[in-house]
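Report on the structure given below.
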Amino acid sequence: MTDQGLVRETACAVVAKLKAGEVTPLDLLDVLERRIKEVDGKVNALPILCFERARTRARALMEKPASGRGRSTGSAGR
């Protein structure tokens, strides 16, 4: 899937891709960082970018079993 395709997916579709193992949290961060670089100069919506912190958290999530990652990361959580 192209970056543009993933950016245009619904949140539910992205969560489904996470559940299926089609993408990882790090994949999503890479796609989002590229997209933000493409458009934020025009919209100036994100004054502070914390991609390294997000990657650290994503790596920590990926070390947990899928069932312990929570709803927004592709598992049912509690």
Side-chain angles (χ1 to χ4, degrees):
M1 171 174 291
T2 66
D3 291 355
Q4 192 66 25
L6 191 55
V7 168
R8 295 190 184 281
E9 292 281 351
T10 66
C12 290
V14 171
V15 169
K17 289 180 185 309
L18 285 165
K19 284 182 180 179
E22 295 175 27
V23 295
T24 69
L26 290 172
D27 295 332
L28 295 176
L29 282 171
D30 290 343
V31 168
L32 293 173
E33 184 174 16
R34 282 190 295 272
R35 180 64 177 158
I36 288 167
K37 284 180 181 177
E38 288 174 11
V39 301
D40 196 51
K42 297 173 189 168
V43 296
N44 197 27
L46 300 168
I48 299 173
L49 302 175
C50 304
F51 288 108
E52 287 310 311
R53 185 176 359 161
R55 281 189 179 83
T56 299
R57 299 230 177 165
R59 285 185 198 101
L61 272 176
M62 291 169 62
E63 291 176 5
K64 294 181 179 184
S67 62
R69 294 181 188 170
R71 292 183 188 275
S72 64
T73 56
S75 72
R78 291 185 191 184

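Bear in mind the structure is a predicted one, so any value in this text is a computation, not a measurement. What you see below is based on every heavy atom in this structure, not just the backbone, and it leaves out hydrogens, waters and symmetry mates. Note that the numbering runs from 1 along the sequence shown for the chain.
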- Query: Who pairs with Ala13 by side-chain contact (heavy atoms from CB on, under 4.5 Å), at least two apart in sequence or on another chain?
  - Reply: Glu9, Thr10
- Task: Search all heavy atoms of Ile36 against all heavy atoms of Phe51 and return the closest pair with its distance.
- Result: CD1-CZ, 3.6 Å
- Item | Partner residues of Arg35 under the side chain to side chain donor-acceptor pair (under 3.5 Å) criterion, sequence neighbours left out | Glu38
- Message: Once salt bridge (Lys or Arg N to Asp or Glu O under 4.0 Å) is applied, what residue pairs with a partner in residues 50-61 remain, sequence neighbours excluded?
- Response: Asp30-Arg55, Glu33-Arg55, Glu52-Arg55
- Item | Pairwise distance CG(Asp27) to CG(Leu6) - rounded to 0.5 angstrom | 8.0 Å
- Message: My understanding is that only one of Leu61, Leu28, Thr24 makes a side-chain contact (heavy atoms from CB on, under 4.5 Å) with Leu18; could you say which?
- Response: Leu28
- Query: Cluster question for you: counting only ILVMFWY and a side-chain heavy-atom cut-off of under 4.5 Å, with indirect links fine, are Leu32 and Val14 together?
  - Reply: no
- Note on the structure: Contacts of Asp40 meeting side chain to side chain donor-acceptor pair (under 3.5 Å) (sequence neighbours excluded), chain-then-number -> none
